[in-house]
Amino acid sequence: MSEEHTLNTKRTAVPMGALHSAAQEHDFGQLAEDTGFSLEQTEILYKRFKQLSQNEDTLQREALHSIPDLQCNPLKTQIVEAFFDKRNFEKDGRGKVHEIGFEQFLTTMAHFRPPQINLTAEEREDLRKEKLRFLFNMHDTDNDGTITLEEYRHVVEELLSKSGNIEMETASAIADAAMLEVASISVGPMTPDEVYEGITFEHFLKILNGLEIETRMHIRFLNMDTTTLCK
């Protein structure tokens, strides 16, 4: 998911002393190890966080909604809400928060980070499931464990259209076909008294089994392309 986002707001400088203090307070070394970012990348993201939050310790969703290049993006709401969704930075988390600290911000950003080259097959598969769970959560807006067929169509269309090799019209046609396919897989024949509950995460994994996801879920965000955040 490649979103062309840049931050065109006035920059807020973060003094070196403040950065050193923040590194001690947040344990940048441990955060870097936990998220896969390097120490340098963690420091850069901290500066971006402080720019957005106007040097406050917490960030509110209004700051992300105010990014100019995000205004016309059809996935603006899902992207912003992902940063405030407890599922994305807390184990067994549920619900939303009104503001986030740097650790929550960094953990969410890590979901957009491309995989490292030297991963084992098992580690790569775990990472793939992690990214797909994050993507699923973005579209499971009511947190009921399912997404609709139309929401699934948007997932496929977004992934394909941002790959750089497929035009939007073609991506839409493939997405329409994928929506029909998923309906046959996840819904199947239904009796008149049955109610369609939606696509579960297990169905989501099975349906997207053949689609390369690991390098497509990245964003150009906060003046930083996350495809560069992999050393």
Side-chain angles (χ1 to χ4, degrees), residues 1-3 34-36 61 73-97 100 103-116 119-163 171-172 174-191 194-219 221 226:
M1 180 168 42
S2 174
E3 304 301 334
D34 291 342
T35 59
R61 53 176 46 82
N73 191 290
L75 291 180
K76 178 185 77 169
T77 299
Q78 291 97 319
I79 292 169
V80 171
E81 289 303 312
F83 283 86
F84 300 87
D85 189 331
K86 288 184 179 180
R87 292 174 296 179
N88 296 328
F89 50 76
E90 286 184 11
K91 184 178 181 181
D92 301 323
R94 293 184 65 85
K96 301 289 181 69
V97 294
I100 56 173
E103 294 184 18
Q104 290 78 32
F105 174 80
L106 188 69
T107 300
T108 303
M109 282 294 293
H111 290 288
F112 294 103
R113 187 175 171 276
Q116 294 174 311
L119 293 180
T120 65
E122 184 178 353
E123 288 172 335
R124 187 171 290 274
E125 180 59 25
D126 288 342
L127 180 63
R128 174 184 170 78
K129 287 182 180 179
E130 221 174 86
K131 285 180 176 287
L132 285 172
R133 169 58 79 177
F134 179 77
L135 186 61
F136 183 87
N137 287 348
M138 280 183 64
H139 293 274
D140 177 20
T141 54
D142 57 2
N143 201 0
D144 70 348
T146 63
I147 60 176
T148 67
L149 288 173
E150 185 62 23
E151 286 169 336
Y152 171 75
R153 178 187 182 279
H154 288 310
V155 172
V156 175
E157 184 176 290
E158 180 67 13
L159 288 172
L160 293 176
S161 66
K162 299 304 181 182
S163 68
S172 296
I174 295 175
D176 287 339
M179 186 171 67
L180 294 175
E181 180 184 357
V182 73
S184 66
I185 294 174
S186 64
V187 181
M190 295 181 67
T191 61
E194 284 184 302
V195 177
Y196 171 60
E197 299 294 341
I199 302 167
T200 65
F201 180 62
E202 288 69 28
H203 282 137
F204 193 69
L205 280 177
K206 185 184 299 184
I207 294 158
L208 293 182
N209 182 51
L211 183 62
E212 194 277 325
I213 179 71
E214 292 87 333
T215 60
R216 292 186 183 182
M217 266 187 63
H218 65 89
I219 53 175
F221 193 67
T226 54

### Lys96: partners by side-chain hydrogen bond (donor to acceptor under 3.5 Å, both in side chains), with sequence neighbours left out
Glu81
### Message
My understanding is that only residues two or more places apart in sequence, or in another chain, count here; which of them pass side-chain hydrogen bond (donor to acceptor under 3.5 Å, both in side chains) with Asp34?
### Response
Gln30
Return the set of residues passing side-chain contact (heavy atoms from CB on, under 4.5 Å) with [X] (not counting sequence neighbours), or none when no residue passes.
{"X": "Asp126", "value": "Glu122"}
{"X": "Glu123", "value": "Leu119, Thr120"}
{"X": "Glu202", "value": "Thr200"}
{"X": "Arg133", "value": "Phe136, Asn137, Phe201"}

Please give me the minimum heavy-atom distance between [X] and [Y], naming the atom from each residue.
{"X": "Ile100", "Y": "Val97", "result": "CG2-CG2, 3.7 Å"}
{"X": "Asn143", "Y": "Arg87", "result": "OD1-NH1, 3.2 Å"}
{"X": "Glu103", "Y": "Thr107", "result": "O-OG1, 2.8 Å"}

## Note on the structure
Distance col, row Thr108:OG1 vs Asp85:CG, nearest 0.5 angstrom, shows 8.5 Å
### Query
What distance separates Met109 CE from Thr35 OG1, expressed to the nearest 0.5 Å?
10.5 Å
Under the 3.5 angstrom rule, does the side chain of [X] hit a backbone N or O of [Y] as a donor-acceptor pair?
{"X": "Lys86", "Y": "Asp92", "answer": "no"}
{"X": "Asn88", "Y": "Ala82", "answer": "yes"}
{"X": "Asp140", "Y": "Ile147", "answer": "no"}

### Message
Could you go through Phe112 and Phe134, starting from their C-alpha distance and side-chain angles, then the distance that decides it, and tell me whether this counts as ring pair (Phe, Tyr, Trp, His ring centres under 6.0 Å)?
### Response
CA-CA 9 Å; Phe112 294 103; Phe134 179 77; 5.2 Å; yes
### Query
Where do Arg128 and Lys131 land on the side chain to side chain contact (heavy atoms under 4.5 Å, CB included) test, with the steps shown first?
CA-CA 5 Å; Arg128 174 184 170 78; Lys131 285 180 176 287; 6.0 Å; no
